[in-house]
Every structure is written in structure tokens, then in C-alpha cells.
K.L.:
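Handing you a structure now.
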Amino acid sequence: MALKFNYSYADIVSENDIENINAKAVEAIKTLDNKSGEGSDFLGWTTLPEDYDKEEFERIKKSAEYIKNNADVLIVIGIGGSYLGARAVIEALKSSNYNILAKDTPQIFFIGNSISPTSLNEIVSLCENKDICVNVISKSGTTTEPAIAFRVFRELVNSKYPGEEAAKRIFCTTDKAKGTLKGLADKEGYETFVVPDDVGGRYSVLTAVGLLPIAVAGIDIDKLMQGARNAMQAYKSYDINKNDCLKYAAVRNILYNKGKKLECFVSFEPSMAMFNEWLKQLFGESEGKDGKGLFPVSCVFSTDLHSLGQYIQESGAPLMFESVVSFKEPQSEFIIDEQEGNIDGLNFLAGEKMSTVNDKARLGTLLAHTDGGVQNLIIEADKIDEENIGNLIYFFEKVCAVSGYILDVNPFNQPGVESYKKNMFALLGKPGYENEKENLEKRLGL
């Protein structure tokens with residue numbers, strides 16, 4: 001089940017480069033393991049695959065069964081890490097068309113991740129004449145985007161169902177002891193799950209934050225956690241030649257030190273698009289500070305080869321490298337038939353597996369982009385299933401943490417996230433922000 005990391009197509013990375021960064025990389029992984037670096041209060045995810053709360057885990061499964069048996073729709077309210085990880089796993093393992101294909105499980109709509117009235121109204125309309133449950137995910141209960149959405153959907157549940165049943169249909173994932181949402185849940189009798197104090201949002205997919213929606217989608221969360229346990233055991237070594245997690249973190253930093261500014265996460269499976277979005281948050285929030293860090297972008301090939309491919313091929317080399325997640329086996333197969341008359345000229349593919357064509361496109365792209373000077377890193381897994389996705393989650397989380405320490409930043413804070421909130425509150429006239437409002441309006445010409 002172990003992943004394989006291949007950097008042989010990053011030809012500007014030499015063995016001498018690996019040797020030169022080795023001490024720094026080993027120091028970084030030891031800092032993580034010893035919990036001696038910045039952000040050490042947020043390392044609960046490192047041992048989570050083994051020491052997670054077993055009682056809560058069973059309650060998650062029980063609640064998921066209740067939702068599956070009593071709801072046509074589950075509304076998941078959260079922003080950032082409070083929704084991205086769950087959506088990434090559901091779409092990777094089920095489909096990016098999950099809500100269309102779902103038969104024995106509820107549709108799952110994610111809301112509270114923007115302040116768009118159009119998006120909110122659309123989801124409300126999709127719930128008409130349907131039984132619904134709500135999972136609101138917020139440490140405090142006062143984050144603007146999810147708090148607005150929860151106002152709406154809590155009222156919708158309360159107006160649709162009598163008090164006792166309404167309470168059964170709302171599930172709160174929040175602080176274990178304090179906060180607005182926790183207080184409301186205790187007062188109303190909502191089922192509650194914990195956002196651990198020592199796990200930040202972008203590292204929280206394997207906590208109740210991600211596991212409840214994932215379980216509702218019919219995904220085996222026991223196998224998901226097993227995959228993460230496999231990774232936890234596989235990536236412990238301090239020998240850079242025996243630990244692909246450590247080596248990938250090192251190679252990323254070598255490329256950064258050689259002037260690369262962007263890391264493009266690539267998959268050849270459309271179902272991995274939201275997984276790429278989770279990676280962008282994971283690495284962007286963790287490394288992008290103190291004027292440092294690679295900017296994470298993503299592509300799904302071959303789709304984006306017909307749009308961004310030109311730029312990557314001809315202009316990407318000075319700026320970026322690609323990290324390609326590939327799978328040996330497809331989730332399903334399709335055999336290409338022979339066509340009478342060979343109108344499209346593709347009869348040479350008759351009898352061929354479509355997965356083979358996709359893989360040849362991957363290899364052709366690898367050669368073309370490296371010929372164009374774009375360095376390629378490859379992370380290979382056997383297939384897209386619960387254990388491999390669990391493995392990938394833990395692999396990238398650890399890569400990100402180690403890479404951040406190599407970069408000499410705190411991988412677990414996000415000071416820049418608060419800036420827009422302060423400005424927004426001032427412009428809206430929130431009490432306590434009056435002094436800033438006039439100055440901001442002048443700057444905007446309002």
C-alpha cells in the first residue's frame with residue numbers, strides 16, 4: 001500500500017543537492033516528531049490514525065446511518081478545512097458527480113464556504129420537498145460564512161420538523177467545551193462531535209470534521225483510517241533514501257531554492273479535482289508566509305492540456321514544477337469499440353482499454369513537459385480506494401509539515417487569513433470597528 005515517489009524527471013535536482021539538504025530535512029522531521037518547533041500545539045494529526053477517539057468514531061458511524069435512513073439531503077456547513085477535505089474524499093472515492101449518481105445515500109451539498117447569496121439560494125431551492133439533515137462545522141460558531149448559512153438552514157429545519165425531531169437532524173462539529181455553537185448545541189440537544197484543539201482545520205479531514213460527511217456518502221471510514229495508519233508507519237524513517245515523504249519534502253525545497261515559484265498539482269482523474277483543491281489549501285496556508293513559499297496551483301489532465309497546456313509547455317519552465325499523482329489501476333474500465341468506416345481514424349485503438357490510453361497520455365505529457373524544461377515529480381498509488389486515499393492524506397500532511405520546517409516557517413498558523421475579516425467587519429459597521437470604517441471607505445473612494 002505504500003506510495004512511491006519518483007523525482008527522476010526533475011533533472012535539475014542532483015544527488016549532491018539531496019546530500020546538501022539532507023541535514024536540514026532530517027532536522028525538520030525530528031522537529032515535527034519531537035514537537036519542538038513552532039506550532040507544536042497543533043500536532044494532534046500526527047498520531048491521529050492510531051489514537052483517535054474510538055467512542056466518537058462509533059458515534060460518527062451511528063449518526064451517519066441515521067442521516068442515511070432519514071434524509072434525502074445532508075447540508076454540510078463549513079469553510080476552508082471544515083469542508084474541503086470531506087468534499088475531496090467524497091468526490092475522489094465516489095465521483096465528482098456524486099449528487100447525481102447517489103442512490104442509496106443522501107445528496108450532500110456544501111454551503112457556508114462563500115458569502116454568495118446566489119449560491120445560498122440555490123442550495124435552499126434544492127432542499128424543497130426533501131428531508132434534510134444539517135452538519136455545521138465551526139470551532140467557534142461565529143465565523144461569518146458558515147454562521148450566516150447555519151442561520152438559514154437551522155430555521156429551515158425548525159420550520160419543517162417538530163422540536164424534538166428537528167434537534168435530531170442537526171449535528172454540530174465544534175469545540176469540545178466552549179464557544180457559541182457548543183453552547184447552542186447543549187441548549188438544543190444537538191448531537192455534537194469535536195474539532196480537536198490540537199488539529200488545525202486544514203489537517204482535520206480525518207477527524208469528525210471530515211469523517212461524518214464522508215461516512216454519510218457510504219465510504220468505509222475504517223479503511224480510510226487504516227490507510228492513514230499505514231502511512232503513519234511507512235514514513236517514520238530519518239533516512240532520506242528510505243522515506244519518500246521526507247525525500248519529496250526535500251526535493252520540493254530544492255526546486256524552490258533553484259527559483260521555482262509555483263507547484264502545479266496534477267491528476268489525470270477528474271474525480272481528484274477537489275483533492276487538488278484541498279492540497280492547495282494545505283500547502284498555501286501552511287507555507288505562504290514571511291515572504292516565502294511555493295504558490296500551489298492545480299490541473300486535471302488531459303482536460304487542461306487543451307487550455308493551460310500551451311503555457312506550461314512553452315513558458316512554464318522558469319516558474320513551476322509539476323507534482324503528478326498517478327494511479328496504476330482505474331476505478332472502472334471502458335473498452336474502445338471498432339467503428340464501421342473508421343470515420344474518426346481511431347480504429348487503431350479498437351479493443352484497447354481507455355485506461356491505457358489515459359496512461360499513454362500521462363506518459364506523453366511527462367515527456368513533452370520535461371522536454372519543455374518543466375520538472376516533474378511523480379507520486380504513484382495503486383488505485384483510488386479508501387486505504388490509498390487515507391495514505392495520500394497523511395503523506396501530504398506530513399510532507400507539508402516537514403517542508404514548512406525546512407523552509408523555516410510555522411506550518412500551522414495562518415496570520416494573513418484574518419486581514420480581510422477585519423476590513424469586512426469595519427466596512428459593514430460591526431461594533432468595535434468604527435474607527436477603521438471611515439479610513440477604509442476613503443481608501444475605496446466610497
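Everything numeric here is computed off the predicted structure, so don't read it as measured data.
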K.L.:
I'd like to know if the side chain of Asn243 reaches the main chain of Tyr235, judged simply by a donor and an acceptor atom lying under 3.5 Å from each other, with no hydrogens or angles considered.
P.N.:
yes
K.L.:
Under a 4.0 Å N-O cut-off, is there an ion pair linking Lys30 with Glu27?
P.N.:
no
K.L.:
Taking Gln375 for its side chain and Ile12 for its backbone only, find out whether a donor-acceptor pair lies under 3.5 Å.
P.N.:
yes
K.L.:
Within this structure, what is the OG-CG distance for the pair Ser403 and Leu246, rounded to the nearest 0.5 Å?
P.N.:
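So the OG of Ser403 and the CG of Leu246 are separated by 10.5 Å.
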K.L.:
Are side-chain N/O atoms of Asn113 and Glu145 paired as donor and acceptor at under 3.5 Å?
P.N.:
no
K.L.:
Do Gln226 and Asn230 meet the criterion of a side-chain donor-acceptor pair at a distance under 3.5 Å?
P.N.:
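On atom types as modelled, these side chains qualify, holding a pair under 3.5 Å.
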K.L.:
May I ask you to decide whether Lys139 forms a salt bridge with Asp197, counting only side-chain N to carboxylate O separations under 4.0 Å?
P.N.:
yes
K.L.:
Taking NZ, NE, NH1 and NH2 as the nitrogens, is one of them in Asp222 or Lys61 under 4.0 Å from a carboxylate oxygen of the other?
P.N.:
yes
K.L.:
Is it true that, when you exclude Lys242 itself, more than 12 heavy atoms of the residues, nucleotides or ligands shown sit nearer than 6.0 Å to its NZ?
P.N.:
no
K.L.:
Does atom CD of Glu55 have more than 12 heavy-atom neighbours, drawn from other residues, nucleotides or ligands, at distances under 6.0 Å?
P.N.:
yes
K.L.:
Give me the atom names and distance for the closest heavy-atom approach of Tyr52 to Arg229.
P.N.:
CE2-NH1, 3.7 Å
K.L.:
Nearest 0.5 Å please: distance from the CG atom of Asp53 over to the NZ atom of Lys176.
P.N.:
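One finds 10.5 Å between CG of Asp53 and NZ of Lys176.
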K.L.:
Over 60° means perpendicular and under 30° means parallel, so tell me whether Phe193 and Phe171 are parallel, tilted or perpendicular.
P.N.:
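Parallel.
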K.L.:
Look at atom NZ of Lys54 and say whether more than 12 heavy atoms of other residues, nucleotides or ligands are closer to it than 6.0 Å.
P.N.:
yes
K.L.:
For Ser138, is there any backbone N or O sitting under 3.5 Å from a side-chain donor or acceptor partner on Thr174?
P.N.:
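Present.
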K.L.:
Might you work through the side-chain contact (heavy atoms from CB on, under 4.5 Å) test for Leu366 and Val324, ending with a clear yes or no?
P.N.:
CA-CA 9 Å; Leu366 172 64; Val324 182; over 6 Å; no
K.L.:
Before giving the answer on side-chain contact (heavy atoms from CB on, under 4.5 Å), spell out for Ile312 and His369 the whole-Å C-alpha distance, their side-chain angles and the decisive distance to 0.1 Å.
P.N.:
CA-CA 7 Å; Ile312 295 170; His369 286 189; 3.5 Å; yes
K.L.:
Do the non-hydrogen side-chain atoms of Arg87 and Ile108 ever get within less than 4.5 Å of each other?
P.N.:
no
K.L.:
Can you give me the closest heavy-atom contact between Asn276 and Ser267, atom names plus distance?
P.N.:
ND2-N, 4.2 Å
K.L.:
Step through the shown structure and confirm whether more than 12 heavy atoms of other residues, nucleotides or ligands are within 6.0 Å of CE on Met354.
P.N.:
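No, because the 6.0 Å sphere around CE of Met354 holds 12 heavy atoms or fewer from other groups.
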K.L.:
Can you tell me if Gln233 and Glu50 form a side-chain donor-acceptor pair at under 3.5 Å?
P.N.:
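Glu50 and Gln233 do have a side-chain donor-acceptor pair below 3.5 Å.
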K.L.:
Decide yes or no for Val13 and Leu255: does some side-chain heavy atom of the first lie under 4.5 Å from some side-chain heavy atom of the second?
P.N.:
yes
K.L.:
Where do Pro106 and Tyr98 come nearest, in terms of heavy atoms and distance?
P.N.:
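Nearest pair, atom of Pro106 first, then Tyr98: O-OH, 2.6 Å.
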K.L.:
Passes side-chain contact (heavy atoms from CB on, under 4.5 Å), Val209 versus Tyr83? Steps please.
P.N.:
CA-CA 8 Å; Val209 170; Tyr83 94 99; over 6 Å; no
K.L.:
Any donor and acceptor pair, going by atom type alone, linking the side chain of Lys292 with main-chain N or O of Leu407 inside 3.5 Å?
P.N.:
yes
K.L.:
To the nearest 0.5 angstrom, please state how far the CG atom of Leu349 sits from the CD1 atom of Ile335.
P.N.:
11.5 Å
K.L.:
Under a 3.5 Å distance rule, please check whether Arg59 uses its side chain to pair with a backbone N or O of Thr192 as donor and acceptor.
P.N.:
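Flag set: sc Arg59 to bb Thr192 pair under 3.5 Å.
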K.L.:
Are there over 12 heavy-atom neighbours, none belonging to Tyr9, within less than 6.0 Å of that residue's OH?
P.N.:
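Incorrect, the count does not exceed 12.
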K.L.:
Hey, is CZ on Phe327 packed in by over 12 heavy atoms from elsewhere, all under 6.0 Å?
P.N.:
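It does: Phe327 CZ has more than 12 such atoms within range.
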K.L.:
Can a donor-acceptor pair be found between the side chains of Asn6 and Ser8 at a distance below 3.5 Å?
P.N.:
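Ser8 and Asn6 do have a side-chain donor-acceptor pair below 3.5 Å.
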K.L.:
When you compare the side chain of Glu386 with that of Ile219, does any pair of heavy atoms fall below 4.5 Å?
P.N.:
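Ile219 reaches Glu386 side chain to side chain.
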K.L.:
Could you measure the distance from the CD1 atom of Ile77 to the CZ atom of Phe110? Nearest 0.5 Å is fine.
P.N.:
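Interatomic distance, Ile77 CD1 to Phe110 CZ, rounded to 0.5 Å: 11.5 Å.
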K.L.:
Does Ser119 reach the main-chain N or O of Ser116 with its side chain, forming a donor-acceptor pair under 3.5 Å?
P.N.:
no
K.L.:
Work out which heavy atom in Ile214 is nearest to a heavy atom in Ile221; give both atom names and the distance.
P.N.:
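It is CG2-CG2, 3.9 Å.
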K.L.:
Do Met272 and Val300 come close enough that some side-chain heavy atom pair is under 4.5 Å?
P.N.:
no
K.L.:
Step through the shown structure and confirm whether more than 12 heavy atoms of other residues, nucleotides or ligands are within 6.0 Å of NZ on Lys280.
P.N.:
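Yes, NZ of Lys280 has more than 12 neighbouring heavy atoms, counting only those of other groups under 6.0 Å.
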K.L.:
Counting N and O atoms only, with roles assigned by atom type, does the side chain of Gln313 sit under 3.5 Å from a partner on the main chain of Ala368, one being a donor and the other an acceptor?
P.N.:
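Pair found, side chain donor or acceptor close to backbone of Ala368.
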K.L.:
Step through it carefully: locate the ring centre of Phe5, locate the ring centre of Phe395, and say whether they are under 6.0 Å apart.
P.N.:
no
K.L.:
Restricting to non-hydrogen atoms, name the atom on Lys247 and the atom on Ile240 that form the minimum distance, rounded to 0.1 Å.
P.N.:
CE-O, 3.3 Å
K.L.:
What I want to find out is whether Asp408 reaches Lys24 closely enough, with some N-O distance under 4.0 Å, to be called a salt bridge.
P.N.:
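Counted as a salt bridge, because a side-chain N and a carboxylate O are separated by less than 4.0 Å.
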K.L.:
Glu277 versus Ser298: any side-chain heavy-atom pair under 4.5 Å?
P.N.:
yes
K.L.:
Ring-plane angle category for Trp45 and Phe412, please: parallel below 30°, perpendicular beyond 60°, tilted otherwise.
P.N.:
tilted
K.L.:
Would you say the side chain of Tyr203 lies within less than 4.5 Å of the side chain of Cys400, judging by non-hydrogen atoms?
P.N.:
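Touching, per the 4.5 Å side-chain cut-off.
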K.L.:
Distance-only, no hydrogens or angles: does the Lys62 side chain make a donor-acceptor pair with backbone N or O of Phe57 under 3.5 Å?
P.N.:
no
K.L.:
Any heavy-atom pair between the side chains of Leu428 and Tyr433 that's under 4.5 Å?
P.N.:
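Heavy-atom side-chain distance check fails, nothing below 4.5 Å.
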K.L.:
Is the Phe265 ring parallel, tilted or perpendicular to the Phe283 ring (thresholds 30°, 60°)?
P.N.:
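Because their plane-to-plane angle lies in the 30° to 60° range, the rings of Phe265 and Phe283 count as tilted.
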K.L.:
When you compare the side chain of Phe396 with that of Phe275, does any pair of heavy atoms fall below 4.5 Å?
P.N.:
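Yes, close enough: below the 4.5 Å cut-off.
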K.L.:
Just by distance, do the side chain of Asn388 and the backbone of Ile384 share a donor-acceptor pair under 3.5 Å?
P.N.:
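Side chain of Asn388 to backbone of Ile384: no pair is present.
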K.L.:
Report the residue from Asp385, Asp382, Asp359 that forms a salt bridge (Lys or Arg N to Asp or Glu O under 4.0 Å) with Lys328.
P.N.:
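So, applying the salt bridge (Lys or Arg N to Asp or Glu O under 4.0 Å) to Lys328 and each of Asp385, Asp382, Asp359, only Asp382 qualifies.
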K.L.:
If you take all heavy atoms of Ile132 and Ala71, which pair is closest and at what distance?
P.N.:
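Taking every non-hydrogen atom into account, C-CB, 4.1 Å.
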K.L.:
Flag the pair Glu188 and Arg154 as a salt bridge only when some basic side-chain nitrogen lies within less than 4.0 angstrom of an acidic carboxylate oxygen.
P.N.:
yes
K.L.:
So, Arg252 and Glu287, do they make that salt bridge, N to O below 4.0 Å?
P.N.:
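Answer for the salt bridge query: yes.
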K.L.:
State the CG-CD distance between Leu3 and Glu380, to the nearest 0.5 angstrom.
P.N.:
9.5 Å
K.L.:
Under the 3.5 angstrom rule, does the side chain of Glu333 hit a backbone N or O of Ser355 as a donor-acceptor pair?
P.N.:
yes
K.L.:
Does the cation-pi check pass for Lys258 over Tyr256, that is, NZ or CZ under 6.0 Å from the six-membered ring centre and within 45° of its axis?
P.N.:
no
K.L.:
Could you go step by step and tell me if Asn413 and Lys289 meet the side-chain contact (heavy atoms from CB on, under 4.5 Å) rule?
P.N.:
CA-CA 9 Å; Asn413 68 353; Lys289 58 201 69 168; 2.8 Å; yes
K.L.:
If you measure from CD on Glu56 to OG1 on Thr173, what distance do you get to the nearest 0.5 Å?
P.N.:
8.0 Å
